[in-house]
Number of protein chains: 2
Amino acid sequence: MKITNRLSWKYVRDEIHHEILSGRYGPGDRLPRDADIADQLNCARSTVQRAMQDLSDIGLVERRRKGGTRVHPEPVTRATLDIPITRHEVEKKGGRYGYQLIMQEEMSATRTVLAAFELTSPVSMLRIEALHLSDNRPYMLEDRWVCLDTVPEIRDVDLKIQSANEWLVLNRPYSRCDLRFYAISADQKMSEMLGAKIGDALLLIERSTWIDGAPITTVKTITTPGYQLLTSS
Amino acid sequence: MKITNRLSWKYVRDEIHHEILSGRYGPGDRLPRDADIADQLNCARSTVQRAMQDLSDIGLVERRRKGGTRVHPEPVTRATLDIPITRHEVEKKGGRYGYQLIMQEEMSATRTVLAAFELTSPVSMLRIEALHLSDNRPYMLEDRWVCLDTVPEIRDVDLKIQSANEWLVLNRPYSRCDLRFYAISADQKMSEMLGAKIGDALLLIERSTWIDGAPITTVKTITTPGYQLLTSS
DNA sequence: TGACATTTTAAGTAGCTACATATTACCGTT
DNA sequence: AACGGTAATATGTAGCTACTTAAAATGTCA
């Protein structure tokens with residue numbers, strides 16, 4: 001049985017992380033050069049490079065050619081959010097998923113929608129309103145605009161059967177995605193749709209996607225009162 | 001002038017990404033093995049490995065030893081959020097930062113707070129309420145609990161001068177951070193503090209941090225009506 | 001002293017080899 | 001057909017070398 005004396009780059013990463021956590025290096029402090037750390041830990045520079053890359057990715061350190069590596073002077077809390085397909089989200093929570101198409105209509109994009117896509121000239125779009133259900137109770141209301149120039153095939157999809165959410169995610173990968181979170185008060189229509197009271201505070205998630213610069217879809221999803229969005233890790 | 005015919009791993013990554021975006025490979029489909037892609041693109045397997053690692057990180061593909069690489073069958077929207085120190089956030093938006101300590105008191109953690117930390121036995125904590133200002137107007141209200149066992153030094157910090165937010169981020173790195181987003185209606189107190197109307201929908205961000213399993217702090221931040229949280233890019 | 005060019009440095013990238021490890025695939029036995 | 005052990009295989013990790021590149025440090029000259 002050979003005991004591996006090789007170091008994984010994750011070990012090296014954690015070693016450096018701990019050095020920082022311990023207070024040995026504070027915000028703005030410069031760390032030794034990769035080669036020296038490699039020397040000290042008796043591993044290759046490439047291993048340290050990989051470890052440092054990761055620490056840089058999570059925002060803990062800042063690396064610059066010639067400048068060396070230093071602990072990030074303005075630490076940020078960096079979090080990763082996973083937003084799944086709504087059907088999967090409901091089913092993962094143990095609910096039975098349901099879906100209702102409220103309306104669908106071809107029309108020209110409003111100024112608000114154009115703004116979300118950073119466009120100025122008018123574009124023809126498919127506007128969709130739909131309600132996602134969990135165990136026959138309202139779960140999420142979605143107000144979606146799909147760009148017909150970019151995704152003409154959406155016209156051939158029966159949105160009474162399959163949700164635009166799922167069809168798009170499965171068939172139209174994106175290269176850019178902007179997210180926006182804020183709170184709104186339920187108006188008359190929302191409260192009816194979601195079974196909430198008028199004035200209830202609701203979390204709104206707005207998402208816009210592009211493929212190579214061309215707009216795909218922008219959607220506002222509103223969830224029932226009390227809904228919480230959590231980080232993945 | 002020598003033109004570099006070397007491929008950057010990012011180029012390889014984007015190449016593969018485009019193959020997926022183009023529809024050549026759909027959700028669940030298996031991609032060629034790294035070695036073959038390397039062959040085809042005339043680069044080293046390690047370059048493909050790096051590219052694939054990245055695609056795996058963003059959740060686009062799934063990789064398994066021997067199983068090969070396949071396009072993620074349940075695509076998720078993966079977003080990265082950066083939450084900066086509040087002072088930096090205000091200053092970046094061009095506001096003049098201000099800060100008021102509302103109250104600070106040593107007390108035992110409530111059940112809610114213990115639950116946030118996944119604890120059961122009582123812990124003594126420092127409870128802090130503070131208001132962050134932008135150009136002398138309310139910007140963010142924070143309701144914080146700091147674990148005195150883990151961070152006894154907080155007692156020596158003059159929280160009337162320096163915000164706990166900033167002191168903690170700069171002096172107490174964490175190894176785990178949970179985030180939670182939801183919407184609430186402004187009550188009497190919140191509306192007074194934030195200059196909002198009672199019932200206004202507000203975005204609440206809850207954040208709890210640990211260091212090697214020991215709780216550091218949990219904080220609820222409430223921002224003024226209309227506040228939006230955006231993804232970094 | 002200040003502006004500008006040159007050198008030096010430390011990280012970034014790429015390629016190669018070698019070996020580790022987790023699964024899948026296969027085959028023989030019962 | 002069910003089971004179990006073995007081989008095959010694709011990705012993961014580590015180390016090495018070589019070269020590239022951005023930027024800091026230094027030196028030079030007006």
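Heavy-atom basis, side chains included; hydrogens, waters and symmetry copies ignored. Chain naming here is simple, since letters A, B, ... match the order of the sequence lines and numbering starts at 1 in each.
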### Query
Listed by chain and number, what are the side-chain hydrogen bond (donor to acceptor under 3.5 Å, both in side chains) partners of Glu62(A), not counting sequence neighbours?
none
### Task
Provide, to the nearest angstrom, the distance between the CG atom belonging to Asp39(A) and the P atom belonging to dG15(D).
12 Å
## Note on the structure
The salt bridge (Lys or Arg N to Asp or Glu O under 4.0 Å) partners of Glu89(A) (sequence neighbours excluded) come to Lys93(A)
### Message
Between P on dG12(C) and CG on Asp57(A), what's the gap in Å once rounded to a whole number?
### Response
10 Å
### Query
Which part of the nucleic acid, if any, lies within contact of Arg70(B), taking any heavy atom under 4.0 Å across all strands shown: a base, the sugar-phosphate backbone alone, or nothing?
nothing
### Query
Taking only residues at least two apart or on different chains, which pairs with a member in residues 80-101 of chain B satisfy ring pair (Phe, Tyr, Trp, His ring centres under 6.0 Å)?
Tyr97(B)-His132(B), Tyr99(B)-His132(B)
### Query
Side chains of Thr69(A) and Arg63(A): donor-acceptor distance under 3.5 Å anywhere?
yes
### Task
Would you mind reading off the distance between Arg45(B) atom CZ and dT9(D) atom P, rounded to a whole angstrom?
14 Å
#### Entry: Nucleic acid contacts of residues 48-55 of chain B, taken as heavy-atom distances under 4.0 Å to DNA chain D
Gln49(B), Gln53(B)
### Task
Ignoring backbone atoms, establish whether Thr69(B) has a side-chain N or O less than 4.0 Å from OP1 or OP2 of dT11(D).
yes
### Task
Identify whether the distance between the nearest side-chain nitrogen and carboxylate oxygen of Arg96(A) and Glu91(A) falls below 4.0 Å.
no
### Message
Tell me if a side-chain donor or acceptor on Thr223(A) pairs with a main-chain N or O of Met140(A) at a distance below 3.5 Å.
### Response
no
### Message
Quick test of your reading: applying ring pair (Phe, Tyr, Trp, His ring centres under 6.0 Å), list the pairs with at least one residue in residues 152-182 of chain A, sequence neighbours left out, ordered by first then second residue.
### Response
Phe181(A)-Phe181(B)
### Query
To the nearest Å, how far apart are Asp34(A) CG and dT20(D) P?
20 Å
### Task
Quickly work out the Lys10(B) NZ to dT20(D) C1' distance and round it to whole Å.
14 Å
### Task
Using atom types as modelled and distance alone, determine if a side-chain donor or acceptor of Thr150(A) lies under 3.5 Å from a backbone N or O of Ile216(A).
no
### Sub-4.0 Å heavy-atom contacts from residues 59-68 of chain A onto DNA chain C, ordered by number
Arg63(A), Arg64(A), Arg65(A), Lys66(A), Gly68(A)
### Centroid-centroid under 6.0 Å between Phe117(A) and Trp210(A) rings
yes
### Query
For the pair made of CH2 in Trp9(B) and C1' in dT20(D), what is the distance, rounded to whole Å?
17 Å
### Task
Considering just the side-chain nitrogens and oxygens of Thr47(B), establish if one lies under 4.0 Å of OP1 or OP2 belonging to dG15(C).
yes
